[in-house]
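Just so you know, these numbers come straight off a predicted model, no measurement behind them. Any value given below was found using the heavy atoms of this structure, including those in side chains, with hydrogens, waters and symmetry copies removed. Counting from 1, the numbers follow the sequence of the chain as shown.
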Amino acid sequence: MAEQSRDELLKKLMAEVDPKNIPAHIAIIMDGNGRWAKKKGQPRVFGHHEGARRVKNIVRFCNDIGVKHLSLYAFSIENWLRPSLEVSTLMRLFSTYIIKERDGLDAENVRFEFCGRRESMPPKVMEELDRIVASLKHNTGLVLTVCINYGGRAEIVDAVKSIISKGYKPEDITEELISQNLYCADILPDVDLMIRTSGEMRTSNFHIWRGAYSELYFTPALWPEFDSVEMVKAILAYQNRERRFGMTSEQVQE
């Protein structure tokens, strides 16, 4: 009965969505796996497994409604400081998810990309990531970018290092040049809608550059609870805002 009412709510909310104003790039800070597990009386790693299953549902839904880019904050540079058991579990989970879901992503025409520092990543995990990137590179649907060993500040630092190594002079530096040297520069556009689950109200070093003008949406739902209904709520909130990019309302409406 509860699931049926959830389906009915989704149908009702979808009727309010403007299909011509779907955010092109949605970025999600998937927070709350550990707290969800604790509520269930389970260890934190149990929440991470459930969170991985949630990814599948959200990817399919976003692809179906026409989202072009979905980037997921899966593991930050700072997350290496977590307990070693949790870190090793997450790394195994990345490989398992990639292997298990590759055919499903391919069948749904989803392209897969990795975003983050390759250094310090376990070689076997990187091998799996590279393999799925190569095998799905010709797909033309949703681009799913998983951000692992990622940090927004580190991304900018690495972009600056790249620019210096190419011999650019200070007077050559522009916003466009920095954008061209970010991770996945030829793949990821600026973020339109950034979502964080679990009630925390900060962006935690995610897409600092690309998210400069993104609409922020915070929900108390823990990531394993974040379903299609919650996604539509976020999209509706996005569609009910006016994006001015420094201009006045009158200018935007012209």
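- Between the side chains of Ser76 and Asn205, not a single donor N or O lies within less than 3.5 Å of an accepting N or O.
- The environment of OH in Tyr168 is sparse: at most 12 heavy-atom neighbours from other residues, nucleotides or ligands sit within 6.0 Å.
- There is a side-chain donor-acceptor pair under 3.5 Å between His48 and Asn33.
- With rounding to the nearest 0.5 Å, the separation of CG in Asn240 from CG in Asp18 is 10.0 Å.
- For the side-chain contact (heavy atoms from CB on, under 4.5 Å) test, residues two or more places apart in sequence or in another chain that qualify with Leu236 are Leu13, Glu16, Val17, Val232, Gln239.
- With respect to the salt-bridge test (charged N to carboxylate O, under 4.0 angstrom), the residues Lys11 and Glu8 do not qualify.
- In the model, Ser204 has a side-chain atom that pairs as donor or acceptor with a side-chain atom of Arg196 under 3.5 Å.
- Considering Phe206, Trp80, Phe114 as possible partners of Phe75, the one that fulfils the ring-ring contact (aromatic ring centres under 6.0 Å, His included) test is Trp80.
- Aromatic rings of Tyr150 and His207 (six-membered ring for Trp) have centroids within the 6.0 Å cut-off, being under it.
- Heavy atoms from other residues, nucleotides or ligands lying under 6.0 Å from CZ of Arg153 number 12 at most.
- Pairs passing the salt bridge (charged side-chain N to carboxylate O under 4.0 Å, His left out) check and including a residue from residues 168-182, sequence neighbours excluded, do not occur.
- Interatomic distance, Asp158 CG to Ile156 CD1, rounded to the nearest 0.5 Å: 10.5 Å.
- The existence of a salt bridge linking Arg35 and Glu200 is confirmed by a sub-4.0 Å separation between a basic side-chain nitrogen and an acidic carboxylate oxygen.
- Defined by atom type and a distance below 3.5 Å, a donor-acceptor pair is missing between the side-chain atoms of Tyr213 and Asp190.
- Counting non-hydrogen atoms of neighbouring residues, nucleotides and ligands closer than 6.0 angstrom, the NZ atom of Lys166 exceeds 12 such neighbours.
- Side chain to side chain, Trp223 and Ser198 fail the donor-acceptor criterion of an N or O pair below 3.5 Å.
- Side-chain N/O atoms of Asp106 and Asn139 include a donor and acceptor closer than 3.5 Å.
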